[in-house]
Amino acid sequence: MYVRGTVAGEVEVRTVSTSYGESDLAEVPLRLEGEESEAEAASDQQPEYETTTVTLWNKWTESAEYVEPGMELLVTNAKEEEYQGETRYATTGDSYVVVEPTFLVNVTAIRNWVECPRLYYLNKLSGVPLNYPVVKGTLVHEVFGDLLRGRDLEESIDARVEERGLELGLLGETAEGVAEDVRENAQAIEGWLEQGRLTEDDSEATADDDSTREFSPAESSWRSEQLLISETFGIRGRADAVRRGAPVELKTGKNLKKEPRFKDKVQAACYALMLEEHGGNVDTGTLLYTKNSALDRNEETGDLTPAKDFSMGGGLLKFVVRLRNELAAMEIAGDVPTGYEGSAKCEYCFEQDTCMVVSGRLDQESKAGQIGQPIPADEREYFERFYRAIEEERREVHHEYAKLWEQDAQERADDDRALIDLEFVEKRPLEEGRWELRAKRTSGANSKIREGDFVLASDGHPVRGNSELATIERLDEEVVLTADEPVEVTRLDVYPSELTTDRLLAAMHDALLKGTERRKDVLFGRTDPEFDTVSEIFIDNNAAQNEAVTKAVGARDCALIHGPPGTGKTYTIARAIRAMVERGERVLLSAFTNRAVDNALEALLEQLENHGEIDADRVVRVGSESGVREDMQPYRLERAGDPEDRVETLQNAQVVAATTATCGSRVMKEQAFDAALVDEAAQLTEPGTCAAINLAERFVLVGDHEQLPPVVRAENDLTESLFERLVNCHPDAGVMLDRQYRMNQRIQAFASREFYDGKLRPAEPAVAARTLDDLAGVSRDALPEDLQDPVSFVDVDGDSSQYTDSEEAARIVDLIETYEAAGLERDDIGVIAPFRAQVSEISSHVPDDVTVDTVDRFQGSSQEIIIVSFTATGTLEGPIFEDYRRINVALTRPKRALVLVGDPNALATDPVYSRLLEWANA
DNA sequence: GCTCTGCTAAGAGGA
């Protein structure tokens, strides 16, 4: 049986004498997971969950050492015992003990950890930089997968090398040279596979169950690159291949020993554990060392083959789970490994120097020792604070994984995390050995899944069913996917990724440990930013914009441009970049979202076109095909191609535009710039901003901290942007753009007074005076009197439900008809509501060409007329109303008319909202 | 309580 619960107290470890001799045991008080009893539900009491004791025997006491009260514990194959009238549990010989099973540990993390826990930590901090052995290793793996799927060797090599043209170019490699290297490794594999075909008894192979068989295209008993997620063991990873249910791991290094390396065995054992959970019974694993060739005949065995089979006993599997427990417990406790946890010898370690430097700089205890002076105390405090915050974000990603099995399909769909009830249409083999899968959507349900995304495609359940990582090629009434295996897909789940978390951590690490002293002095407020004198006039009709460009161009360290709604910050950025380009500088243009990057890039291209200074081919957009807007695709850097040609295109680019996440990629980390301009910087976390500015000598941040802050999952230090902190810390480095080109004066008044000290003003009289009358075919006289003013308030009592309001929705439908009758085009009308539920309520009653969305999603755009649905009756309680920046965004979207729809009694309960009411009714 | 974008995935190796 299976016991799971929360550790309810201190754990006691002791030694006892048994009939088998001395044994260790640990007694863990555990509050079992369970349902509320009827009595508890009936009474008003807090539910009291059953508390019991679980005895962990022998080596599982090691895991017990790390356990702390509050942690979750799972014991498989436990036995039930009666002890003094109480039911207790104990491990048996077949038990596994898992600490914090929802903490999903990567197989590679365990592999690093077994080598040295400190190595695991270093890897997490800074990632693996671009280097040839790693890229080659990846290529060989891809070719291996292709061979298993029946693709021709030469065709595979050519295609895979071509795909990585950019990376190879940056490494200074040629396609021919790399192809030759890959061929050498791949031939060893091919030979071995050929041998297997001759000797393998296929009838035996097919006699086993099993579902993997019928899906394997090339050879019945193989499956390549299988993604595995274990809810029991809290491990996830991707096996290179699975043969007859057993893991096969490919290593492109050399190993002439008789036995596989221990860490390789551990890696294979992780996959074996997960395969067992999925119904297999695994007792062997295979490691393929592709550099072993005939010339390197193993002296002990005379072996020629690259393959080493080894048996996987229960002892190894349990050891692996204990390793994983140690890692998980340390992460949950927030501790930093020192290296003393393991037995590795530092003098043999490749990372010894790095290890000592990092330990020295961060003043961390380390087995390897420390080199150099620690960074200042405030920087170390910053590091620890942000390390914790980023790790909290990582935990949130782990919870997303846990939801794959904790929530049922309908809940996932309601959460927009899955598309369910698909009707499988067909599977079609593609030339490269992959598969195209098609399914029909049976409902119009929405989800956050988009074209180009990675998803878990399954025939029912993303973890327990047959599932595969797939790419969405097309998503309309039909879904088209590509995947390695032909799953009969009926459901798609968002695949959570730690990628951005990893990059945030690396960006923060790089900023602190690789940043110049000067840069850090500025970031930590120890030095004021300096500026060169620039006398050129860049923009002659807007003093603040001109000053902003002057500061950006003249900055030696940084400049901060505060751009309230409609003040032309995108234009200002474009002008500043043009000025820098004219001075011969290399510039990075970045922002958090792809949309913001493309907007800024569009403005820049317009500038450059009108002034013809540089060729458009010296502007490069780095990003995925699905992320980059259609009209910016011509500028997108294709990664595939001839290495030399690819790298030239990138290196010659004078302006490179990419999201901050992409700035943290290995390719971008190889690039250096004179200046980095970051748009919408108030929506970026500090480490997120660092990913971009780390690449440049100086930086310019552009944003508005009076609009919405960064989106983070956990509540932590990441919610304040670097932009906001620096604006407060270095007011002299900042400029506020104070002339807005969007709103009628009456509309702008409240936001200006409330959020911008009254400093925001219309750029010109024509802007101040704009009304709906300016639009072709529209006459305000055709509107009822109470809607003729640019700002109006429509009083609706509301229906008192929490996240929707049908009365407001109905009134908004009427309003839209009224405006249409007065001559307005539907696509000039926008409707904003705080909650998504209200957004769908309104959308369902309104024509498609009226844009209806949440405040958050409206940020960055504008509309002729905006109708706001407050969706609150009687009171304004709720976090959504507490952040006044949200109301600022909502009120500053319209150009010519703003209509507020809501219950005045609710608005009157809050001082800011009651001033809003006063203004709207004036 | 609510809002909610990024990103090829993870794993590639050295001796």
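Because the structure is a prediction, the values reported are computed rather than measured. The sequence lines fix the lettering, A, B, ..., with proteins before strands; numbering per chain opens at 1.
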Looking at [X], does any N or O in its side chain come under 4.0 Å of the phosphate oxygens OP1/OP2 on [N]?
| X | N | value |
| --- | --- | --- |
| A:Arg111 | B:dG11 | no |
| A:Thr138 | B:dG11 | no |
| A:Thr854 | B:dC2 | no |
| A:Arg261 | B:dA15 | no |
| A:Asn594 | B:dC7 | yes |
| A:Ser497 | B:dC7 | no |
| A:Lys251 | B:dG14 | no |
| A:Tyr348 | B:dA15 | no |
| A:His141 | B:dG11 | no |
| A:Thr659 | B:dC7 | yes |
| A:Tyr495 | B:dA10 | yes |

Whole-Å distance separating the [atom1] atom of [X] from the [atom2] atom of [N]:
| X | N | atom1 | atom2 | result |
| --- | --- | --- | --- | --- |
| A:Arg394 | B:dA10 | CZ | P | 11 Å |
| A:Asn185 | B:dG11 | CG | P | 20 Å |
| A:Leu876 | B:dG1 | CG | P | 19 Å |
| A:Asp415 | B:dC2 | CG | C1' | 13 Å |
| A:Ile832 | B:dT3 | CD1 | C1' | 13 Å |
| A:Phe144 | B:dG11 | CZ | P | 15 Å |
| A:Arg639 | B:dC7 | CZ | P | 11 Å |

Heavy-atom count check: over 12 atoms from other residues, nucleotides or ligands less than 6.0 Å from [X] [atom1]?
| X | atom1 | result |
| --- | --- | --- |
| A:Glu625 | CD | no |
| A:Arg395 | CZ | yes |
| A:Glu451 | CD | yes |

Residues [X] and [Y] bridged, charged N to O under 4.0 Å:
| X | Y | value |
| --- | --- | --- |
| A:Asp493 | A:Arg417 | no |
| A:Asp415 | A:Arg412 | no |
| A:Glu468 | A:Arg223 | yes |

Where the side chain of [X] is concerned, which of [options] is the nearest nucleotide?
| X | options | value |
| --- | --- | --- |
| A:Gln267 | B:dG14, B:dC4, B:dG11 | B:dG11 |
| A:Pro133 | B:dG14, B:dT3, B:dG6 | B:dG14 |
| A:Tyr271 | B:dG11, B:dG13, B:dG1 | B:dG11 |
| A:Phe350 | B:dG13, B:dG14, B:dC2 | B:dG14 |
| A:Tyr803 | B:dT5, B:dC2, B:dA12 | B:dC2 |
| A:Asp856 | B:dT3, B:dC7, B:dA12 | B:dT3 |

Fill in the blank from the handout: Nearest-nucleotide check on DNA chain B, A:Ala109 vs A:Glu351; residue mapping nearer the 5' end is A:Ala109
Fill in the blank from the handout: On DNA chain B, more 5' by nearest nucleotide between A:Glu142 and A:Leu119 is A:Glu142
Record whether the side chain of [X] comes under 3.5 Å of the base of [N] through a donor-acceptor pair of N or O atoms.
| X | N | value |
| --- | --- | --- |
| A:Thr108 | B:dG11 | no |
| A:Arg595 | B:dT5 | no |
| A:Glu225 | B:dG11 | no |

Practice task
Kindly assign one of parallel, tilted or perpendicular to the pair A:Phe723 and A:His705, based on the angle between their ring planes and the thresholds 30° and 60°.
Solution key: tilted
Practice task
For A:Asp883, report the nucleic acid contact type (base, sugar-phosphate, nothing); a contact means any heavy atom under 4.0 Å.
Solution key: nothing
